[in-house]
Amino acid sequence: MARYEAIADIMENIDEELVICNIGFPSRELYEIDDRSKNFYMIGSMGLASSIGLGLALAKPSKDIVVIDGDGSLLMNMGSLVTVFANNPSNLTWIVIDNGAYGSTGNQDTYAQKIDFVEIAKSIGFKNSFYFDNIDLKKVIKSDDASFIVYKTEAGNSTAPIIDIDPITIKERFMSSI
């Protein structure tokens, strides 16, 4: 399965949740699959989707937040696992699409191929740490603790077009939706 199909699977479970999406192709693919004002498309800032999601979860505790991240971005900011766990916002669901590659920069291999993110998250203390194919995502989103999910896919990018909304408009329409 490709990342594009994984994002489509994830979005089938999204209703009113706010979605923060990783940079580059993942954002382009989400935009093509299900553009909506409650999606925040990252432009730059690799590794910070989880940090933005955490800040939003803490600022808006009545809103459910879903972060769609990548293995390469998580590797850029591994400290975010500890920070999210320490704050444990029950309204945050962090999904890492692990394709073993830096998809937006040419599909170079990541070290994610040598590690198990679910086991790392469990060792930090995440009670809700799962592989996507073992869960009911709607149920996990409503759980009482922060959730960490790994969705394994193949490397590769779709032909999703570049997002035709400028970053300021993305930010403003997202802020208006919340």
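We're numbering straight along the sequence, starting at 1. Computed from a predicted structure; not experimentally measured.
When all heavy atoms of S51 and N77 are compared, the pair lying nearest together is OG-ND2, 3.3 Å. In this structure, S143 and N128 approach most closely via the heavy-atom pair OG-ND2, 3.0 Å. When all heavy atoms are compared, the tightest approach of E32 to P161 is OE2-CD, 3.2 Å. Annotation for A6 and I97: closest pair CB-CD1, 4.3 Å, computed over non-hydrogen atoms. Closest heavy-atom contact between I65 and G53: CG2-O, 3.9 Å. Contact between V140 and T93 at its shortest, heavy atoms only, is O-OG1, 4.2 Å.
Partners of F25 by ring pair (Phe, Tyr, Trp, His ring centres under 6.0 Å), not counting sequence neighbours: none found. In this structure, the side-chain contact (heavy atoms from CB on, under 4.5 Å) partners of N88, at least two apart in sequence or on a different chain, are D145, A146.
In this structure, the separation between CD1 on I68 and OG on S50 is 13.5 Å, given to the nearest 0.5 Å. To the nearest 0.5 Å, the span separating CZ on F40 from CD1 on I52 amounts to 5.0 Å. Taking CD from E119 and CD1 from I124, the interatomic distance works out to 11.5 Å, rounded to the nearest 0.5 Å. The distance from atom OG1 of T153 to atom CG of D9, rounded to the nearest 0.5 Å, is 11.0 Å. Between atom CD1 of residue I120 and atom OG of residue S129 there is a gap of 9.5 Å, rounded to the nearest 0.5 Å. Between S27 atom OG and I43 atom CD1 the span is 6.0 Å, to the nearest 0.5 Å.
In this structure, the side chains of L30 and Y41 come closer than 4.5 Å at one or more pairs of heavy atoms. When side chains are defined from C-beta on, F174 counts as touching L18, because their heavy atoms get closer than 4.5 Å. Considering only heavy atoms from C-beta on, R3 comes within 4.5 Å of N157 through its side chain. Side-chain contact between V118 and F130: absent, with no pair of heavy atoms (C-beta onward) separated by less than 4.5 Å. Between I7 and Y151, every side-chain heavy-atom pair lies at or beyond the 4.5 Å cut-off. With a 4.5 Å cut-off on side-chain heavy atoms, L54 and P89 count as touching. Looking at R36 and M11, their side chains come closer than 4.5 Å, going by heavy atoms from C-beta outward. Using a 4.5 Å heavy-atom threshold, the side chains of Q113 and D71 count as separate.
The main-chain N or O of E172 is found under 3.5 Å from a side-chain atom of S176 such that the two form a donor-acceptor pair. With hydrogens and angles ignored, the 3.5 Å screen pairs no side-chain donor or acceptor of R28 with any backbone N or O of I163. Side-chain atoms of S73 do not come within 3.5 Å of backbone N or O of D69 as any donor-acceptor pair. Side chain of E29 to backbone of S158: a donor-acceptor contact under 3.5 angstrom is found. In terms of modelled atom types and a separation under 3.5 Å, the side chain of E17 and the main chain of D15 share a donor-acceptor contact. Remark: the backbone N or O of A2 is not paired with any side-chain donor or acceptor of E154 at under 3.5 angstrom.
Applying the salt bridge (Lys or Arg N to Asp or Glu O under 4.0 Å) test to every pair with at least one member in residues 78-103, sequence neighbours left out, gives these pairs: D98-K152.
The one candidate from V150, L137, V67, I141 that meets the side-chain contact (heavy atoms from CB on, under 4.5 Å) condition with I95 is L137. Partner of E16 under the salt bridge (charged side-chain N to carboxylate O under 4.0 Å, His left out) criterion, chosen from K142, K38, K63, K60: K38.
Under the 4.0 Å criterion applied to side-chain N and carboxylate O atoms, R173 and D35 are assigned as salt-bridge partners.
Taking the six-membered ring for Trp and thresholds of 30 and 60 degrees, F148 and F117 have ring planes more than 60 degrees apart, a perpendicular arrangement.
In K138, the NZ atom is crowded: over 12 heavy atoms of neighbouring residues, nucleotides or ligands sit closer than 6.0 Å.
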Evaluate the side-chain contact (heavy atoms from CB on, under 4.5 Å) criterion for residues Y31 and C21: first the C-alpha distance (whole Å), next the side-chain angles of each, then the deciding distance (0.1 Å), finally the verdict. CA-CA 10 Å; Y31 181 73; C21 191; over 6 Å; no
